[in-house]
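Okay, so here's the structure we're looking at.
For reference, positions follow the sequence shown, starting with 1. Keep in mind that this is a model prediction, so the values were computed, not measured.
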Amino acid sequence: MSIVPLVKATIYGLLEDKEQVLTDMQHLGCLHLLPLKTDEGLRGEHGPTPQAREALKFLLSCPQRRRQMLDPTRFDPGAIEQQALELQHKINALEDERDFLQRRITNLKPWGEFVFPALDERHNLRLWFYIVPHNEMTKVEATNLVWEVVGRDERFNYVAVVSAEEPDGMPVARTHTGGKPLSQLEHRLEEVEMELEDLQGERAKLTRWCSLFARGLARLEDQEERAWAAVQTYDQGPLFALQGWAPRETSTQLQRYADDKSLALTLDDPAPGDQPPTLLHNPQRLTVGEDLVTFYMTPGYRIWDPSIVVFLSFTLFFAMIFSDAGYAALLGAGLWFYWRQMGESAVGRRLRILFGSLIGATLIWGISAGSYFGIAPPPESLLGKLRFLDQNDIPTMMALSIFIGVAHLVLANVMDSWRRGFTAAALAPLGWVCMLLGGTALWIGPSASVVWQTAGTWAMGIGAVAVLLFTGEAGGLGQRLLSGMLGLTKITSAFGDVMSYLRLFALGLATGSLALAFNDLAAQVYGIPGLGMLLAILVLVIGHGINLVLAVVSGFVHGLRLNVIEFFNWGVTEEGQLFRVFARKESAPWSPGSSH
């Protein structure tokens with residue numbers, strides 16, 4: 001895990017070569033451009049239109065796709081865009097009509113097939129239809145309206161009222177049936193369904209152009225990016241200057257390009273006042289940790305990359321909050337079902353790794369806790385022998401949660417000290433390490449030995465001195481002592497942050513307790529004669545379904561919260577900006593360790 005070292009690259013060349021240099025830099029794909037002047041006027045004028053993007057999105061969402069055409073000579077992007085948008089409009093209109101017809105048919109079916117005579121033949125009287133519950137019929141009988149029950153079932157009476165105007169005093173709202181007979185509506189619905197099938201077939205035919213269409217849009221987006229980049233360069237007379245941040249390992253490649261094109265190039269390390277963007281680099285299977293970190297914030301360039309730590313700790317926290325192997329197996333079955341589909345995109349593949357890790361850790365923790373949908377296996381069974389954690393042992397589980405919290409915050413301070421290097425400022429985080437460990441030793445001491453209490457007292461004292469003397473990095477001794485005293489006020493924050501990790505125990509216990517409660521409730525209703533088994537199944541399905549959803553939400557929310565609030569508060573104190581590579585959409589951008 002690392003933040004990629006960057007250099008500031010400035011390219012100087014003739015103005016007449018600027019367009020070619022921008023094209024080459026976009027192809028190289030290793031620069032985060034810095035504006036030497038700002039002008040957003042051209043952004044959006046050279047790229048694909050929103051209509052083109054909408055057309056491609058419409059075709060890509062087609063459930064059936066044809067084999068892709070690769071011959072660009074037969075491809076007319078304008079015609080494909082127009083046909084796709086026309087199809088989308090027709091399909092949307094027909095789907096709306098289909099939904100309307102289905103609702104109207106549902107409303108009309110209880111009344112059967114009939115045709116209204118002309119209004120003047122009815123002396124301007126109209127029929128109004130109502131579906132009235134049996135217990136509301138007394139209110140209908142109390143009115144002075146002319147009405148008739150034309151049908152009934154076990155729940156409702158189907159009442160027709162004759163009136164020139166919409167009646168007042170009816171206990172329910174009227175049913176909208178329209179003026180067309182049921183057979184005509186059903187015939188039109190069949191026509192609409194057939195038209196939709198034909199249009200979906202035409203849509204599937206157009207999907208053979210998706211690859212060329214997407215490539216064409218990518219070219220337009222590349223053109224838009226180059227136009228935007230062109231107005232950020234500094235142009236003076238016959239010369240231009242282009243500046244950006246680049247990974248240090250690409251320096252040789254940039255220098256070779258500059259020599260080949262007779263360009264001037266300067267490569268400078270970040271100055272103290274510079275704020276380089278952050279480019280994270282992790283092993284391919286652990287890049288999902290970057291997504292978890294950048295979801296909340298981007299670490300500053302000069303600190304450290306917490307991606308792997310956040311990924312591993314989030315996985316552990318999620319497992320502790322779930323604490324049930326049965327739920328983990330259920331989620332695993334769902335992941336297995338969507339595994340191949342998720343592998344079709346880069347985002348899906350990263351999510352597969354995340355979900356697989358979470359489910360695997362939850363399964364292991366659930367087996368260790370001996371919980372399977374809230375049921376504990378017999379101690380003499382194989383699963384019972386694998387159990388070594390007791391969720392109901394409150395003192396032990398609370399202590400375990402606190403130890404995990406202390407370890408998490410100690411790691412945050414150790415990494416914060418490490419990134420400061422061999423400076424006096426690095427001693428302040430180490431002071432907090434001593435205070436956290438010392439406080440834990442004092443907490444253990446009364447139940448252990450005097451040695452723990454003595455060690456804890458000394459560690460707390462040494463840590464407090466380090467925080468007092470080295471929290472302030474500038475100014476005289478008095479100013480530094482004042483900064484140190486202000487720093488020591490964080491001791492209440494440290495205590496509160498450690499206590500926050502008790503949520504791991506509390507939420508894990510809540511998951512198991514709810515599962516057990518639904519099991520007991522199902523057992524109670526099972527004894528009801530006749531419907532007992534059905535009610536028990538409903539209680540189990542609905543109850544465990546609710547519990548599973550709550551566990552998933554709690555696992556994500558609180559698992560991430562402990563990382564991005566408690567952990568980041570101590571270890572990731574500077575926020576930066578993400579490295580935005582200037583690269584072609586049609587080719588893979590530069591990544592650490594790659595070469596072009």
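Between the CD1 atom of Ile565 and the CG atom of Leu560 there is a distance of 10.0 Å, given to the nearest 0.5 Å. The structure places OG1 of Thr440 at 9.5 Å from CG of Leu409, a figure rounded to the nearest 0.5 Å. Within the model, atoms CG of Leu436 and CH2 of Trp432 stand 7.5 Å from one another, a figure rounded to the nearest 0.5 Å. Expressed to the nearest 0.5 Å, how far CG of Leu514 lies from CG of Asn547 amounts to 4.5 Å. From Ser493, atom OG reaches atom CG of Asp497 across 4.0 Å, with rounding to the nearest 0.5 Å. In this structure, the separation between CG on Leu280 and CZ on Phe579 is 11.5 Å, given to the nearest 0.5 Å.
Contacts of Ala523 classified as side-chain contact (heavy atoms from CB on, under 4.5 Å), with partners at least two apart in sequence or in another chain: none.
The aromatic rings of Phe556 and Phe314 lie tilted to each other, with the angle between the two planes from 30° to 60°.
Side-chain N/O atoms of Asn563 and Ser313 include a donor and acceptor closer than 3.5 Å. A donor and an acceptor atom, one from each side chain of Asn519 and His544, are located under 3.5 Å apart. Between the side chains of Ser307 and Glu290, not a single donor N or O lies within less than 3.5 Å of an accepting N or O.
The number of heavy-atom neighbours closer than 6.0 Å to OH of Tyr372, taken from other residues, nucleotides and ligands shown, is above 12. Within 6.0 Å of the CH2 atom in Trp339, the count of heavy atoms belonging to other residues, nucleotides or ligands exceeds 12. The environment of Met533 atom CE is sparse: at most 12 non-hydrogen atoms of other residues, nucleotides or ligands sit within 6.0 angstrom. Annotation: Glu380, atom CD; neighbour count of heavy atoms from other residues, nucleotides and ligands within 6.0 Å is above 12. Within 6.0 Å of atom CD in Gln577, more than 12 heavy atoms from other residues, nucleotides or ligands are found, so the atom counts as buried in its surroundings. Heavy-atom neighbours of Glu575 CD from other residues, nucleotides or ligands within 6.0 Å: above the threshold of 12.
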_Between Asn392 and Met397, does the side-chain contact (heavy atoms from CB on, under 4.5 Å) criterion hold? Intermediate values first, please._
CA-CA 8 Å; Asn392 295 315; Met397 295 306 297; over 6 Å; no
*Does the pair Leu31 and Trp245 meet the rule for a side-chain contact (heavy atoms from CB on, under 4.5 Å), with working shown?*
CA-CA 6 Å; Leu31 282 182; Trp245 293 104; over 6 Å; no
*Just do the salt bridge (charged side-chain N to carboxylate O under 4.0 Å, His left out) check on Asp269 and Lys8 with the steps written out, would you?*
CA-CA 6 Å; Asp269 289 329; Lys8 183 184 291 185; over 6 Å; no
*Phe403 vs Trp443, ring-ring contact (aromatic ring centres under 6.0 Å, His included): CA-CA, chis, key distance, verdict*: CA-CA 11 Å; Phe403 287 147; Trp443 175 58; 5.7 Å; yes
*Stepwise, does the side-chain contact (heavy atoms from CB on, under 4.5 Å) test hold for Leu442 with Trp452?*
CA-CA 6 Å; Leu442 287 175; Trp452 283 96; over 6 Å; no
*asked:* Is there a side-chain contact (heavy atoms from CB on, under 4.5 Å) between Gln253 and Leu28? Walk through the geometry before answering.
replied: CA-CA 9 Å; Gln253 194 174 8; Leu28 187 62; 3.1 Å; yes
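Of the possible polar contacts, none joining the Ser371 side chain to the Gly366 backbone as a donor-acceptor pair under 3.5 Å is found. Under a 3.5 Å cut-off, the side chain of Arg349 and the backbone N or O of Leu351 do not form any donor-acceptor pair. A donor-acceptor pair is defined here as one N or O able to donate and one able to accept, closer than 3.5 Å; such a pair exists between the side chain of Tyr301 and the backbone of Leu6. The backbone N or O of Thr294 lies less than 3.5 Å from no partner atom in the side chain of Thr298, so there is not a single donor-acceptor pair. In this structure, the side chain of Thr471 engages the main chain of Val467 through a donor-acceptor pair within 3.5 Å. Using a distance-only test at 3.5 Å, with no hydrogens or angles considered, no donor-acceptor pair links the side chain of Ser381 to the main chain of Pro377. At distances below 3.5 Å, at least one donor-acceptor pair connects side-chain atoms of Ser345 with backbone N or O atoms of Gly348. Side chain of Thr492 to backbone of Thr489: a donor-acceptor contact under 3.5 angstrom is found. With hydrogens and angles disregarded, no donor-acceptor distance shorter than 3.5 Å links the side chain of Arg350 to the backbone of Thr287. Arg248 contributes no side-chain N or O that, together with a main-chain N or O of Pro5, makes up a donor-acceptor pair within less than 3.5 Å.
Among all heavy-atom pairs drawn from Gly472 and Arg480, the shortest one is O-NE, 3.4 Å. The shortest non-hydrogen separation linking Gly300 to Ile303 is O-CG1, 3.1 Å. The minimum heavy-atom distance between Val539 and Phe518, with the atom names listed, is CG1-O, 3.7 Å. The shortest non-hydrogen separation linking Val7 to Ser251 is CG2-OG, 3.8 Å. Residues Gly438 and Ala459 share a closest heavy-atom pair of CA-CB, 3.7 Å. Of all non-hydrogen atoms in Leu389 and Arg387, the two that sit nearest each other are O-NE, 3.2 Å.
Under 4.0 Å is where a charged nitrogen must lie from a carboxylate oxygen, and between Glu225 and Arg580 no such pair does. Using a cutoff of 4.0 Å between basic side-chain nitrogens and carboxylate oxygens, Arg226 and Glu221 are not scored as salt-bridged. Under 4.0 Å is where a charged nitrogen must lie from a carboxylate oxygen, and between Asp416 and Arg420 at least one such pair does.
In this structure, the side chains of Ile375 and Leu516 stay at 4.5 Å or more apart for every pair of heavy atoms. In this structure the side chain of Phe568 reaches within 4.5 angstrom of the side chain of Met297, judged on heavy atoms. For the pair Leu430/Phe470, no side-chain contact is recorded, criterion being any heavy-atom separation below 4.5 Å from C-beta on. Residues Ser417 and Leu427 form no side-chain contact, since every pair of their non-hydrogen atoms from C-beta on lies 4.5 Å or further apart. The shortest distance between side-chain heavy atoms of Trp365 and Ser323 falls below 4.5 Å. Side-chain contact between Leu331 and Phe355 is absent, with no heavy-atom pair separated by less than 4.5 Å. Between Thr278 and Arg302 the shortest side-chain heavy-atom distance does not fall below 4.5 Å. You'll find the side chain of Leu292 reaches within 4.5 Å of the side chain of Leu354, heavy atoms only.
For residues 316-344, there are no salt bridge (charged side-chain N to carboxylate O under 4.0 Å, His left out) pairs, not counting sequence neighbours.
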Show me the donor-acceptor pairs, under 3.5 Å and distance only, between side chains in residues 500-509 and residues at least two apart or in other chains.
unit_1, atom_1, unit_2, atom_2, d
Ser500, OG, Gly496, O, 3.0
Ser500, OG, Glu566, OE2, 3.1
Tyr501, OH, His408, ND1, 2.7
Arg503, NE, Ser500, O, 2.9
Arg503, NH1, His558, ND1, 3.0

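For the side chain to side chain contact (heavy atoms under 4.5 Å, CB included) with Thr315, the qualifying choice from Phe311, Phe317, Phe318 is Phe311, the only one to do so.
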